[in-house]
Amino acid sequence: MARRDRPRLGLTANFLYADPDRPLFRGKTLQYYEERMSLSMWRGGGLPIPVPELKDPHALELFVEEIDGLVLAGGADVCPRSYGEEPMADQWEGDRQRDDYERALVEHCLRRGVPVLGLCRGIQLLNVALGGSLFQDIGTQRPDALVHRDWYRYDELGHDVRVDPQSWIGRIYGGATQLAVNSIHHQALKQTAEGLTETAWAPDGIIEAVEQIDEDRWVVGVQWHPEWLEAERTAAGGEAEGWADGGKIFEGFVQECRRRRDRA
Ligand code: MN
């Protein structure tokens, strides 16, 4: 790989807010990312660059000028107030500060034509940023749905998704119409934002992937965690044998970022 060939991929932060009872970094806010995410971005051919919350909207705009793609990471719930609802329960309050920071980044990326890949919380944030809404809790609002998160099985829990074979997700998996994926979420898309096309669904109808792709815009969201579905886990004999190899999503995203960067 030629020097400086790796597209620069921004990775959004998780926040651990200041806590006076925490012994380490007492009273300090931490911005962090999960290890497999940065590994998957690197192994897919990208240069992972954490995007800090810089407490300055203009700084985020300048930051976006330095990157060729943005990955919206999983993590905390989206705050229902971000899509015009009150939380149905205190524990579904989500992280409004993170919502605001990520929404600003998405807006700057869309304005500059920087591709955006949203994973788990990321597909939800994308949908909200573009005007859609969410189920605050699948189990409460869609009681007939499958269990999409199990704290005991965590990333061992999964289900099949039906895929539109013409979609980006379908095409990177060779025109697949069905994939086995992990499932670690209790929120999901309710009203899909105008402009987004649904491209994958769980057997209960829960939306598992969306996209909007044209010459000026590239956004894809998936409800699962491809960063935890590496080839060695999904190959024959792996513990997640038969599940979709998550690496393909990162490789495909990096190619798209490179193509759009070099075209500019
Ligand atoms: Mn699911």
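Note that ligands are numbered from 1 as they come in the structure, with each ligand's atoms numbered from 1 the same way. The figures that follow rest on heavy atoms only: side chains count, while hydrogens, waters and symmetry mates do not.
With hydrogens and angles ignored, the 3.5 Å screen pairs a side-chain donor or acceptor of Gln124 with a backbone N or O of Gln187.
Note on the Mn ion (ligand 1): protein N/O/S atoms under 2.8 Å are His148 ND1, His159 NE2, Ser183 OG, His185 NE2, Glu208 OE2.
With sequence neighbours excluded, the residues that form a side-chain hydrogen bond (donor to acceptor under 3.5 Å, both in side chains) with His148 are His159, Ser183, His185, Asp204, Glu208. Under the ring-ring contact (aromatic ring centres under 6.0 Å, His included) criterion, Phe15 pairs with Tyr17, Tyr101, sequence neighbours left out.
Ion pairing of Arg260 with Glu215 is absent here, as no side-chain N (NZ or NE/NH1/NH2) approaches a carboxylate O to less than 4.0 Å. Of the charged side-chain nitrogens involved, none lies within less than 4.0 Å of a carboxylate oxygen, so that Arg217 and Glu211 do not count as a salt-bridged pair.
Note on residues 227-254: pairs passing salt bridge (charged side-chain N to carboxylate O under 4.0 Å, His left out), not counting sequence neighbours, are Arg36-Glu230, Arg43-Glu230, Asp155-Arg233, Glu156-Arg233, Arg233-Glu239.
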